[in-house]
Amino acid sequence: MKEKLLALLQAATTKLTPDTVKGAMRFIIWYALLLVFCCIVYVVAWLFDWYTTGNPNLVEIRNFLHEIASAPWIAVIGFIAKAFIDSNNNGIPDELESKEDK
Ligand SMILES: [Ca+2]
């Protein structure tokens with residue numbers, strides 16, 4: 001398990017070097033990874049709380065699910081999904097480029 005996790009982390013870091021990911025796309029990827037990391041930490045902390053107390057905090061997980069299904073989160077997911085589109089491969093999401101740059 002530990003070796004697989006380290007290999008996955010190493011593969012991710014080698015693919016996210018300045019040579020392979022250019023421009024603003026780098027920040028979009030790091031922002032998306034930060035959101036995923038924070039969600040994972042939240043769920044792991046919730047599971048740890050359940051493990052230590054013996055009772056699942058259903059109110060807290062319901063609030064979390066309600067939060068990640070809310071309109072602002074859906075907007076963030078939409079923004080990130082659009083920002084990953086870089087058809088001319090210049091490192092600037094097509095959504096953020098002016099019409100002359102496309
Ligand atoms: Ca582009």
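Model, not experiment: these values are computed from the prediction. Start at 1 and go down the list; that is how both ligands and their atoms are numbered.
Here CG of Leu33 is found 11.5 Å from CD1 of Ile28. Values are rounded to the nearest 0.5 Å. Between Cys39 atom SG and Leu34 atom CG the span is 9.5 Å, to the nearest 0.5 Å.
Tally of protein N, O or S atoms closer to the Ca ion (ligand 1) than 3.0 Å: 6.
Not a single side chain to side chain donor-acceptor pair (under 3.5 Å) links Thr52 to another residue, sequence neighbours left out. In this structure Glu67 satisfies the side chain to side chain donor-acceptor pair (under 3.5 Å) test with no other residue, sequence neighbours excluded. Under the rule for a side chain to side chain donor-acceptor pair (under 3.5 Å), Tyr31 has no partner lying at least two apart in sequence or in another chain.
Just one residue in the list Leu47, Ile40, Val41 forms a side-chain contact (heavy atoms from CB on, under 4.5 Å) with Val43, and that residue is Leu47.
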